[in-house]
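Start at 1 and go down the list; that is how both ligands and their atoms are numbered. Bear in mind the structure is a predicted one, so any value in this text is a computation, not a measurement.
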Amino acid sequence: MVMKDEKLESIYQDVLRRNPGEAEFHQAAREVLESVGPVLAKYPEFRERKIIERIIEPERQIIFRVPWQDDKGEVHVNRGFRVQYNSALGPYKGGLRFHPSVYLGIIKFLGFEQIFKNALTGLPIGGGKGGSDFDPKGKSDDEIMRFCQSFMTELWRYIGEHTDVPAGDIGVGGREIGYLYGQFKRLTSRYEAGVLTGKGLDYGGSLVRTEATGYGATFFVEEMLKVRKDSFDGKRCVVSGSGNVAIYTVEKIHQLGGKVVACSDSNGYILDEKGIDLELVKQLKERERRRIKDYVEYRKHARYVDGGNIWEIPCQVAMPSATQNEINGKDAALLVKNGCIAVGEGANMPTTPEGIQVFLQAGIAYGPGKAANAGGVATSALEMQQNASRDSWTFEYTEKRLANIMKNIHQTCFETAEEFGAKGNYVVGANIAGFIKVAKAMVAHGLI
Ligand code: NDP
């Protein structure tokens with residue numbers, strides 16, 4: 001489909017030509033371009049200063065070799081990435097993803113989305129993302145440590161508390177951040193806690209950071225439901241994935257009175273009509289690093305479906321929390337047909353453009369990732385604040401700040417969508433509100 005605005009269509013054609021083969025990046029760029037037409041009419045200086053052309057081009061892209069040895073002494077070579085996308089609002093900020101599917105197009109899509117997400121938080125952070133095509137599955141602790149050390153042996157030159165502050169994402173949790181931080185400290189002889197977020201609580205981490213993305217996404221859905229005079233109470237929910245985001249999404253939904261009946265990993269899903277036993281999932285996934293299918297060994301009434309599509313399970317609230325493009329047009333139609341009234345994206349870009357159209361046309365509450373999952377990076381920014389002031393806040397205080405930030409993001413997206421003639425469309429609201437904030441700062445900084 002060709003965009004209505006010819007200039008935007010031509011910018012998109014340039015994106016395709018200059019970034020061949022990067023399908024996920026094309027998808028993320030197109031979604032933003034499709035939203036910002038009305039902004040250019042209101043702010044002609046953005047067009048004159050070529051803000052869109054500049055925002056779409058990363059400030060800096062770093063690609064490096066990561067050699068490491070496994071426990072048998074065999075040598076492996078992976079590829080490392082850090083895309084420093086936009087620093088108009090603060091130091092580059094965004095996670096590191098370790099997954100075999102990682103290539104430049106994935107890191108660029110994530111980095112591009114991160115610019116607008118970070119702007120929405122209202123905190124002083126720019127956008128970036130990084131990672132590697134390293135597969136942490138089945139690796140020993142020592143292998144993970146050696147890989148992280150090798151990765152940081154190159155990355156340390158480009159990061160710093162005022163420059164670029166990485167965090168976790170798929171395949172990068174507290175263990176990996178610990179090894180990365182240790183190596184950074186060794187190479188630089190600096191105890192610069194603010195250089196990474198998602199750190200352990202013993203060495204500068206923030207309470208609630210582990211829970212933040214899942215809790216935040218659930219708060220966002222709660223706000224969308226409130227607009228519709230509804231709540232989580234008694235709702236049947238499905239949450240895909242069983243990693244960091246999924247686990248704390250389930251936890252918060254249960255605290256708010258909803259019932260999550262299914263979650264998954266890349267092999268299949270579990271269905272537990274009595275409600276997911278979260279302590280068991282934490283034991284299997286966080287402590288023992290096992291597969292989700294093992295759940296049914298302990299809960300005989302539950303069912304494991306190998307290779308199954310989790311979106312076939314009827315639910316009122318769906319929270320995709322695994323990976324990009326996990327809900328296609330067909331899945332979306334099935335969710336709507338089965339009575340789904342709200343979708344909140346814990347994952348980044350989990351719904352395809354066709355799926356998004358289905359949700360918008362059905363008029364259900366649809367919270368896109370760049371708004372709904374911003375609680376993770378927002379709490380990372382709170383971790384940076386605590387590091388800068390050498391302070392540590394209580395769980396209650398930090399969670400309250402997170403809840404407030406999510407409320408504000410929801411309100412900003414809701415009001416911006418209404419202002420630009422798209423009431424109830426959080427995609428338009430999030431893209432426009434994030435874009436305006438970054439664009440104004442870029443205009444102020446001059447042509448750089
Ligand atoms: P984890 O590595 O902790 O968990 C990822 C989960 O998703 C696992 O259950 C994994 O299953 C599943 N998964 C990953 N890749 C695929 C795939 N290709 N197909 C099917 N399932 C898959 O990562 P997070 O929970 O941190 O991240 C999940 C999503 O949330 C990502 O999209 C991430 O970008 C996004 N996000 C994360 C934030 C954070 O703070 N961590 C912040 C904002 C967004 P398996 O174990 O089988 O691979």
**Complete:** Only one of W68, Y179, F151 passes ring-ring contact (aromatic ring centres under 6.0 Å, His included) with F98, and that residue is F151

**Asked** Aromatic rings F112 and F25: how do their planes relate, parallel, tilted or perpendicular, breaks at 30° and 60°?
**Response** perpendicular

**Request:** Mark yes or no: K139 above the aromatic ring of F134, with NZ or CZ under 6.0 Å from the six-membered ring centre and no more than 45 degrees from the axis.
**Result:** yes

**Prompt:** If you look at every heavy atom in S206 and T398, which pair is closest and at what distance?
**Reply:** OG-CG2, 3.9 Å

**Item:** Shortest non-hydrogen contact between L120 and G434, atoms and distance
**Value:** CD2-N, 3.9 Å

**Asked** Excluding sequence neighbours, so at least two apart, what forms side-chain contact (heavy atoms from CB on, under 4.5 Å) with A318?
**Response** W311, C315, L335, C340, V343

**Request:** Check each protein residue for a heavy atom under 4.0 Å from ligand 1 and list those that pass, ordered by chain and number.
**Result:** R97, H99, K137, D169, I170, G171, R209, T213, G241, S242, G243, N244, V245, S264, D265, S266, R291, S321, A322, T323, G346, A347, N348, N373

